[in-house]
Undergrad: 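Have a look at this one before I ask anything.
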Amino acid sequence: MSVNAELAAAFGEIAKLIEILGQDKFRAIAHDKASRIIEAYPTDLKTIVAGSGADARKRLTEIEGVGPKIADKIIEYCTKGRVQELDELRAEVPAGLLPLMQIPGLGPKTLHALWKEGGVKDLAGLKKAIESGRILELPRMGEKSVQKLKESIALAEQGETRLPLGMAMPIAEAIVAKLRSAKGVERIAFAGSLRRGKETIGDIDILVSTSDPDAVGAVFRGADDVVQVISAGETRSSVRVRIGGDAGRWGALQEGQAGPSIQVDLKIIPEASWGAALYYFTGSKDHNVAVRQRSLDRGWTLNEYGLFEDDGKAEPHKRGLKPIASRTEDDIFKALGLPFIPPELRENRGELSLKSTPRLVEVGDVRAELHAHTTESDGELIIEELAREAKHRGFHTIAVTDHSKSSVIAGGLTPERLREHIKAVRAADAWIEGISILPGSEVDILSDGSLDYDDELLAQLDVVVASPHAALSQDPATATRRLLRAIEHPMVHIIGHPTGRLINRRAGLAPDMAELFAAAKAHNVAMEINAHWMRLDLRDHHVRAAVEAGCLIAIDCDVHAVDDFDCLRYGVMTGRRGWLPPEQCINTWDKKKLHAWLRSKR
DNA sequence: GCCGTTTTCGGCCCGACTGTTTTCAGTCG
């Protein structure tokens with residue numbers, strides 16, 4: 001884990017412990033906010049602390065959400081490897097209490113009461129209190145609450161994690177398609193983190209405007225794959241929907257992973273408030289808080305029904321007030337003096353300072369796939385099928401990059417087999433028209449940073465994607481040296497899935513990204529966003545740092561089967577979340593420019 | 001604990017739903 005991730009975890013835990021203890025909730029919010037900002041902060045905080053000496057505190061407080069106290073704790077962690085305050089809080093709160101925060105419906109207030117008044121210290125204690133009925137003696141705890149709590153515990157015990165984007169998206173699209181045909185439905189869309197393209201999704205938000213709320217609610221709650229109705233109100237319903245366990249070539253989901261169901265929320269929206277609701281429910285939370293503050297500064301208040309004059313009283317929409325803007329997101333942005341901000345940017349990471357809508361990479365910009373496998377290693381398609389599919393998708397170039405010899409399990413090619421394969425690819429390129437088929441390889445970056453083929457063989461390949469596949473638990477310093485060596489290799493075009501992480505499965509390497517991006521720029525190497533939804537590697541905040549460092553980005557689907565081409569949109573969303581403009585993404589270049597760039601390495 | 005073109009103190013987004021209550025606290029997003 002990187003220092004930033006460790007610090008983010010520490011501040012997140014401090015926030016939770018403060019909440020459980022019932023101390024100042026704004027202090028908890030401040031730590032929670034700092035946690036989220038540090039998690040996504042592009043520069044290694046340890047570098048800042050080590051590099052700025054006595055100025056460290058000043059440098060750190062320049063980070064939004066980091067004040068003097070948090071800065072001191074960052075310095076303490078970077079120099080001493082611990083945060084004393086966290087140790088003290090841990091000593092106060094029983095260790096088994098913290099995980100109970102994950103149980104839906106169990107918040108800090110209830111947990112505090114369970115602990116202090118009910119003597120509950122962990123999950124076993126909680127179950128005992130429920131069985132004995134003692135729990136009913138606590139304030140605001142009745143039969144129904146206990147029943148819900150029992151169901152929530154059962155869910156939590158299945159090991160709930162956030163669902164990968166590529167699993168949530170098809171579920172959301174299926175629900176949208178189903179509800180679209182319900183009686184009275186006028187508009188329907190999904191919002192939330194799914195619309196923002198986050199790599200994992202906590203729950204799916206569906207928005208509907210309709211002349212018949214009861215009908216759409218009934219269809220929604222009555223669907224075959226609904227396993228639980230959590231709530232059913234006039235304007236909101238929540239259910240849990242069963243999910244499939246197919247995780248592509250990484251096999252079925254393991255027991256206790258990703259859980260068997262995901263929460264889906266349906267919101268019924270008045271047609272006149274469509275834009276305000278879509279904006280509100282798209283989030284993120286941090287973006288919404290910031291934009292609301294901006295509204296208040298201008299004497300307005302923003303809620304899911306629209307932008308209103310702020311008369312100091314709550315719920316303006318219920319008092320017949322006419323909104324300043326509400327019909328479209330555009331109307332609201334205009335009223336607030338903002339350009340349209342693409343959903344992927346709405347994370348309160350500088351997007352509110354934009355003067356115009358940035359041109360970010362789009363799926364339609366991508367004209368080349370530079371990372372694809374055939375049956376020669378672990379792919380399902382032969383060269384011709386791969387080429388025809390790429391052509392069908394409107395690409396001008398497809399690179400055939402089968403695995404190298406060390407990836408034994410993936411059927412990696414020996415030098416002899418690779419030489420034959422190159423001939424086969426060149427032959428296919430000669431007779432298949434309308435697309436360039438380039439011989440390449442996804443070459444293993446071995447644990448010491450050397451490549452899996454010698455230079456003489458690499459020189460015969462038009463495209464070299466160098467990727468780490470093994471030794472993915474190296475320490476950050478070793479991983480940095482390893483990847484730097486590959487970047488510096490004169491034959492390498494692209495660093496494939498640079499960290500090797502698998503979402504919800506494997507953390508992967510934690511190299512110093514800033515160092516890698518600087519080297520990639522200097523050596524004219526593109527860093528890959530591997531678009532497969534189990535990878536999305538580089539991840540969004542890496543891309544942001546890479547874009548700012550001025551280094552080239554490749555978005556590749558790492559194609560093993562026809563359907564993998566469909567992952568492109570997830571890679572593009574990740575690129576957009578990293579503020580990636582099309583010209584910095586080599587897959588958007590026209591054939592002449594791309595091929596000239598590839599040849600410049602030969 | 002953070003933050004500041006009306007503030008260095010006094011704020012900190014806003015509403016729906018539920019279950020427990022006789023008016024609202026807790027949780028969630």
Side-chain angles (χ1 to χ4, degrees), chain A residues 11 14-15 18-19 22-37 60-74 85 101-114 136 138-149 151-152 191-194 196 201-207 217 229-239 263-269 273 276-277 279-308 310 312-319 348:
Chain A
F11 287 132
I14 288 174
I18 291 169
E19 280 191 305
Q23 298 173 351
D24 181 12
K25 69 170 173 175
F26 292 110
R27 219 178 111 233
I29 290 170
H31 279 89
D32 191 52
K33 188 180 175 194
S35 168
R36 274 175 286 127
I37 287 167
L60 290 170
T61 52
E62 284 166 9
I63 300 169
E64 163 82 20
V66 175
K69 296 255 184 70
I70 300 262
D72 284 345
K73 282 175 235 182
I74 293 172
E85 185 185 353
M101 286 277 275
Q102 302 300 319
I103 297 171
L106 202 52
K109 294 278 170 62
T110 313
L111 216 43
H112 182 85
L114 278 166
L136 292 164
L138 296 176
R140 306 195 67 82
M141 193 57 82
E143 294 286 353
K144 275 194 165 176
S145 301
V146 173
Q147 186 53 39
K148 282 208 155 184
L149 190 54
E151 289 169 14
S152 296
S193 50
L194 195 61
R196 300 200 314 280
I201 306 301
D203 52 36
I204 295 170
D205 298 299
I206 310 272
L207 271 45
V229 176
I230 299 167
S231 67
E234 269 178 48
T235 61
R236 295 187 186 187
S237 290
S238 291
V239 300
Q263 182 168 334
V264 185
D265 298 336
L266 178 74
K267 276 108 176 176
I268 311 286
I269 310 299
S273 311
Y279 190 27
Y280 181 86
F281 290 112
T282 295
S284 68
K285 187 179 164 204
D286 286 346
H287 175 90
N288 283 359
V289 169
V291 86
R292 259 159 215 281
Q293 191 54 54
R294 188 186 176 98
S295 308
L296 290 175
D297 292 345
R298 286 163 171 69
W300 304 325
T301 176
L302 179 64
N303 65 22
E304 65 216 72
Y305 296 97
L307 183 66
F308 297 88
D310 185 13
K313 287 181 270 187
E315 303 188 323
H317 56 288
K318 285 190 181 169
R319 294 181 281 116
N348 195 28

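For clarity, every value in this text was computed on a predicted model and none was experimentally measured. Every chain is numbered from 1, with letters handed out A, B, ... down the list of sequences.
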Undergrad: If you pin A/F281 and A/K285 to their nearest nucleotides in DNA chain B, which one's is more 5'?
TA: A/K285

Undergrad: Would you measure the distance from the P atom in B/dT18 across to the matching atom in B/dC13 and give it in whole Å?
TA: 25 Å

Undergrad: What's the gap between B/dG1 and B/dT6 when it is taken at their P atoms, as a whole Å value?
TA: 28 Å

Undergrad: What's the gap between B/dT8 and B/dC3 when it is taken at their C1' atoms, as a whole Å value?
TA: 9 Å

Undergrad: Suppose we call two aromatic rings close when their centres sit under 6.0 Å apart. Are A/H287 and A/Y279 close by that rule?
TA: yes

Undergrad: Whole Å only: how far is the CG atom of A/D24 from the C1' atom of B/dG10?
TA: 12 Å

Undergrad: Whether the A/K73 and A/H31 side chains hold a donor-acceptor pair (N or O, under 3.5 Å, no angle test) is what I'd like checked.
TA: yes

Undergrad: Verify the contact: side-chain N or O of A/R27 to OP1 or OP2 of B/dG1, cut-off strictly under 4.0 Å; return yes or no.
TA: yes

Undergrad: What integer distance in Å separates A/R298:CZ from B/dT5:P?
TA: 12 Å

Undergrad: Within the pair A/S295 and B/dC13, is there a side-chain N or O less than 4.0 Å away from OP1 or OP2?
TA: no

Undergrad: Quantified in whole Å, what is the P atom distance between nucleotide B/dT27 and nucleotide B/dT20?
TA: 14 Å

Undergrad: Using the P atom in both, what is the distance from B/dT23 to B/dC28, to the nearest Å?
TA: 26 Å

Undergrad: Less than 5.5 Å between centroids and less than 30° between ring planes, does A/F26 satisfy that with B/dC12?
TA: yes

Undergrad: Could you check A/G142 against A/K73 and say which one's nearest nucleotide on DNA chain B is further toward the 5' end?
TA: A/K73

Undergrad: Please give, in whole Å, the distance from B/dA25 P to A/H112 NE2?
TA: 17 Å

Undergrad: Which whole-number value in Å describes the distance from A/E143 CD to B/dT21 P?
TA: 12 Å

Undergrad: To the nearest angstrom, how far is A/E19 atom CD from B/dG26 atom P?
TA: 13 Å

Undergrad: In this structure, how many angstroms lie between the C1' atom of B/dG19 and the CG atom of A/L136, rounded?
TA: 13 Å

Undergrad: Between A/K33 and A/E64, is there a side-chain N and carboxylate O pair less than 4.0 Å apart?
TA: yes

Undergrad: Which protein N or O atoms sit under 3.5 Å from an N or O of nucleotides 14-18 of chain B?
TA:
| residue | atom | partner | partner atom | Å |
| --- | --- | --- | --- | --- |
| B/dC14 | OP1 | A/T301 | OG1 | 3.2 |
| B/dC14 | O4' | A/R292 | NH1 | 3.0 |
| B/dC14 | O2 | A/Y280 | OH | 3.2 |
| B/dG15 | OP1 | A/N303 | ND2 | 3.2 |
| B/dG15 | OP1 | A/E315 | N | 3.1 |
| B/dA16 | OP1 | A/Y305 | OH | 3.3 |
| B/dA16 | OP2 | A/E315 | OE2 | 3.1 |
| B/dA16 | OP2 | A/K318 | NZ | 3.4 |
| B/dA16 | O4' | A/R236 | NH1 | 3.4 |
| B/dA16 | O3' | A/T235 | OG1 | 3.3 |
| B/dC17 | OP1 | A/E234 | N | 3.4 |
| B/dC17 | OP1 | A/T235 | N | 3.0 |
| B/dC17 | OP1 | A/T235 | OG1 | 3.0 |
| B/dC17 | OP1 | A/R236 | N | 2.9 |
| B/dT18 | OP1 | A/A232 | N | 2.8 |

Undergrad: In whole Å, measure the gap between the P atoms of B/dA25 and B/dT21 for me.
TA: 13 Å

Undergrad: For a 4.5 angstrom cut-off between non-hydrogen side-chain atoms, does A/I206 reach A/D265?
TA: no

Undergrad: Using atom C1' of each nucleotide, how far apart are B/dT7 and B/dC12 to the nearest Å?
TA: 13 Å

Undergrad: Please state how far atom CZ in A/F11 lies from atom P in B/dC2, giving the value in whole angstrom units.
TA: 9 Å

Undergrad: Could you identify the nucleotide paired to B/dG10, looking across every strand shown and requiring Watson-Crick or G-U wobble geometry with both distances under 3.5 Å?
TA: B/dC3

